[in-house]
Amino acid sequence: MAASVYKNFSLLLIEENDKLRKKLRYLFFLSGLKDLKTSKMLAGDLAKKISFNRTISNGDLVIVYERHDNMKAITVSEGSILQNRFGVFKHSDWIGKPFGSKVFSNKGGFVYLLAPTPELWTLVLSHRTQILYIADISFVVMYLEIVPGCVVLESGTGSGSLTTSLARAVAPTGHVYTFDFHEQRAESARDDFERTGLSSLVNVGVRDIQGEGFPDEFTGLADAVFLDLPQPWLAIPSAAKMLKQDGTLCSFSPCIEQVQRSCETLGTSFTDIRTFEVLLRTYEVREEKMESLQGNGNDSNGSLPCKRRQCSDGGNVLSSPISSVMARPCGEARGHTGYLTFARLKCLS
C-alpha cells in the first residue's frame with residue numbers, strides 16, 4: 001500500500017515538474033524575444049555605421065591599397081581624382097562599388113578600395129604620438145575582457161589607434177571615454193572618429209588624468225581602464241575608484257622602471273598583476289624556383305629542358321627548375337614597443 005502511494009506521488013511529482021519545465025521554457029523564450037528586440041532597437045542605425053558590408057557612397061572614407069607598404073585614407077568626393085604612379089583614378093568611378101573592389105586608372109594601373117577597419121586605420125592614421133600596433137592592441141582587448149556593452153576609460157588618447165579598436169569592441173551598446181591633456185590632439189582625435197563613423201561610440205575629453213584623476217561621475221561604472229601615461233602610478237588610485245568590482249586595468253609603458261613603480265602602487269587595490277611584452281615576427285610566403293637533381297643519365301627523354309652538371313666523380317647529373325612555396329622571416333621585424341601590465345580590482349569581502 002505504502003509503495004503504491006509512493007509510486008503515485010512520484011508520478012504526480014514528475015508530471016508537475018514537466019509542466020513547470022514547459023512553463024519556464026516558454027517564459028525564457030518570451031524573455032529572449034524581448035531582449036532580442038530590445039538589442040536590435042538599441043543597435044539600430046549605429047550597427048549600420050560600424051558595418052562595412054556595403055557599397056561605397058559619396059563622402060565615405062576608403063583605404064586605397066596600392067601595395068602592402070603603401071596605403072592611404074581618402075574621403076570619396078564626386079568630381080575629385082586620385083593621381084599616383086599608376087595613373088589617374090576618378091572618385092566618381094568608385095561610387096556604387098562594394099568595398100574590396102579593384103579599380104583601374106586611365107593608364108590601366110589599379111588599386112583596391114578597402115573598408116576603414118581598425119586594423120587598416122592603425123596603419124594609415126596621422127601619427128600625432130607614438131601609437132600601439134595590432135599585436136599590442138589585440139592583446140589589450142582580450143586581456144581587458146572587453147565585449148559589446150562595456151564601458152571603457154582611456155587616458156592618453158594620442159593618435160587614437162587603440163581607441164578605434166576599443167570602440168569596435170564595445171559596439172553597439174557600449175562606450176569609450178578617452179582623455180588627453182593636449183587640447184589640439186583631442187580635437188584631431190574627434191575629427192578622426194567622425195571620419196571613421198565612431199563618434200557615437202567615443203567621447204573625447206581634455207583632462208590631465210595624472211594630476212586630476214578621472215571625473216567623479218564615472219565612479220564604479222567602468223568595466224575596464226587603460227592608461228598610457230608617463231607616470232601611470234599617479235593615476236592608478238583614481239582608476240581603482242572608477243572600476244566596477246572585478247574590473248580590469250592595463251597600463252602601457254615603454255620602460256621597465258615605469259612598470260616597477262606601477263606594480264608597487266597596484267599592489268594596494270589590485271590582484272592578479274601580470275606584465276607582458278608582445279613581440280611579433282612576420283613571415284614572408286612566396287613562390288621561388290629551385291633546381292631539382294634527377295640523377296645520372298646519358299639519355300634525354302625529351303620531357304623537360306634540363307641542365308647537365310658534372311659531378312666530382314666524373315658522372316653527369318641532370319637538374320631542372322621547379323617552383324616551390326617558401327616561408328622566411330621578414331628582414332624588418334618590429335622589435336620592442338612597450339610593456340603591458342594588467343591587474344584586476346580586488347573584490348570587497
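Scope of the values below: all heavy atoms of this structure, side chains included, with no hydrogens, waters or symmetry mates.
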Is a salt bridge present between [X] and [Y], judged by a nitrogen-to-oxygen distance below 4.0 Å?
X      : Y      : result
Lys90  : Glu78  : no
Lys346 : Asp246 : no
Arg207 : Glu183 : no

Evaluate the side-chain proximity of [Y] to [X]: yes if any heavy-atom separation is below 4.5 Å, no if none is.
X      : Y      : value
Ser324 : Glu287 : no
Met71  : Val64  : no
Val170 : Cys150 : yes
Leu166 : Arg168 : no
Tyr65  : Val111 : no
Val202 : Val204 : yes
Gln258 : Gln231 : no
Thr265 : Phe270 : no

- Message: Suppose the criterion is salt bridge (charged side-chain N to carboxylate O under 4.0 Å, His left out): which pairs have a residue in residues 192-202, not counting sequence neighbours?
- Response: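 Checked against salt bridge (charged side-chain N to carboxylate O under 4.0 Å, His left out) - neighbours excluded - the pairs reaching residues 192-202 are Arg128-Asp192.
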
[atom2] on [Y] to [atom1] on [X], rounded to 0.5 Å:
X      : Y      : atom1 : atom2 : answer
Asn58  : Ile95  : CG    : CD1   : 4.5 Å
Tyr112 : Arg67  : OH    : CZ    : 14.0 Å
Asp208 : His182 : CG    : NE2   : 13.0 Å
Ser262 : Ile236 : OG    : CD1   : 4.5 Å
Ile63  : Thr117 : CD1   : OG1   : 7.5 Å
Ser57  : Asp60  : OG    : CG    : 4.5 Å

Is it the case that the side chain of [X] and the backbone of [Y] share a donor-acceptor pair, with hydrogens and angles ignored and the cut-off at 3.5 Å?
X      : Y      : result
Asp180 : Gly158 : yes
Asp136 : Tyr133 : no
Thr248 : Leu144 : yes
Ser80  : Val76  : no
Asp272 : Ala343 : no
Ser101 : Lys97  : no
Ser159 : Ser161 : no
Thr219 : Met242 : no

Tell me, yes or no, whether the heavy-atom count around [X] atom [atom1], taken from other residues, nucleotides or ligands under 6.0 Å, exceeds 12.
X      : atom1 : answer
Phe139 : CZ    : yes
Gln184 : CD    : no
Lys244 : NZ    : yes

Honestly curious: do [X] and [Y] fall in one hydrophobic cluster under the side-chain, below-4.5 Å linking rule?
X      : Y      : result
Leu229 : Leu249 : yes
Ile134 : Leu132 : no
Val259 : Phe226 : no
Val62  : Trp121 : no
Ile74  : Leu114 : no

- Message: Walk me through whether Leu125 and Thr164 qualify under side chain to side chain contact (heavy atoms under 4.5 Å, CB included).
- Response: CA-CA 11 Å; Leu125 56 76; Thr164 303; 5.6 Å; no

- Going through the distances and angles, do Phe193 and Asp191 end up as a side chain to side chain contact (heavy atoms under 4.5 Å, CB included)? CA-CA 6 Å; Phe193 299 141; Asp191 293 340; over 6 Å; no

- Message: Can you tell me how the ring of Phe276 sits relative to the ring of Tyr143, calling it parallel under 30°, perpendicular over 60° and tilted otherwise?
- Response: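 Plane angle between 30° and 60°, so tilted.
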
- Assign the ring pair Tyr177 / Phe218 to parallel, tilted or perpendicular, where the plane angle (0 to 90°) is split at 30° and 60°.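 Answer is tilted, since the angle falls between 30° and 60°.
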
Nearest heavy-atom neighbours spanning [X] and [Y]:
X      : Y      : answer
Leu345 : Ala240 : CD2-O, 3.8 Å
Gln210 : Pro232 : OE1-N, 4.3 Å
Pro148 : Thr173 : C-OG1, 4.3 Å
Leu266 : Ile273 : CB-CD1, 3.7 Å
Trp94  : Ile56  : O-CB, 3.7 Å
Leu201 : Ala167 : CD1-O, 3.6 Å

- Query: Do Phe89 and His91 have their ring centres less than 6.0 Å from each other?
  - Reply: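 No, too far apart.
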
- Task: Step through it carefully: locate the ring centre of Tyr339, locate the ring centre of His336, and say whether they are under 6.0 Å apart.
- Result: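 Distance test on ring centres: under 6.0 Å, yes.
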
- For the pair Arg328 and Glu288, evaluate side chain to side chain contact (heavy atoms under 4.5 Å, CB included) and give the outcome as yes or no after the intermediate values. CA-CA 12 Å; Arg328 62 182 62 184; Glu288 295 185 357; 3.4 Å; yes

- Query: Without hydrogens or angle criteria, can the side chains of Thr341 and Ser251 be said to hold a donor-acceptor pair below 3.5 Å?
  - Reply: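 The criterion, which ignores hydrogens and geometry beyond distance, is not satisfied for Ser251 and Thr341.
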
- Tell me yes or no: between the side chains of Glu154 and Thr163, is some donor less than 3.5 Å from an acceptor?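 Glu154 vs Thr163: donor-acceptor pair found between side chains.
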
- Can you name the residues that form a side-chain hydrogen bond (donor to acceptor under 3.5 Å, both in side chains) with Thr157, not counting sequence neighbours?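 Applying side-chain hydrogen bond (donor to acceptor under 3.5 Å, both in side chains) to Thr157 gives Thr178.
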
- Just jot down the side-chain hydrogen bond (donor to acceptor under 3.5 Å, both in side chains) partners of Glu187, sequence neighbours excluded, or say none.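 Applying side-chain hydrogen bond (donor to acceptor under 3.5 Å, both in side chains) to Glu187 gives Arg190.
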
- Task: For the pair Asp228 and Ser155, evaluate side chain to side chain contact (heavy atoms under 4.5 Å, CB included) and give the outcome as yes or no after the intermediate values.
- Result: CA-CA 6 Å; Asp228 184 359; Ser155 178; over 6 Å; no

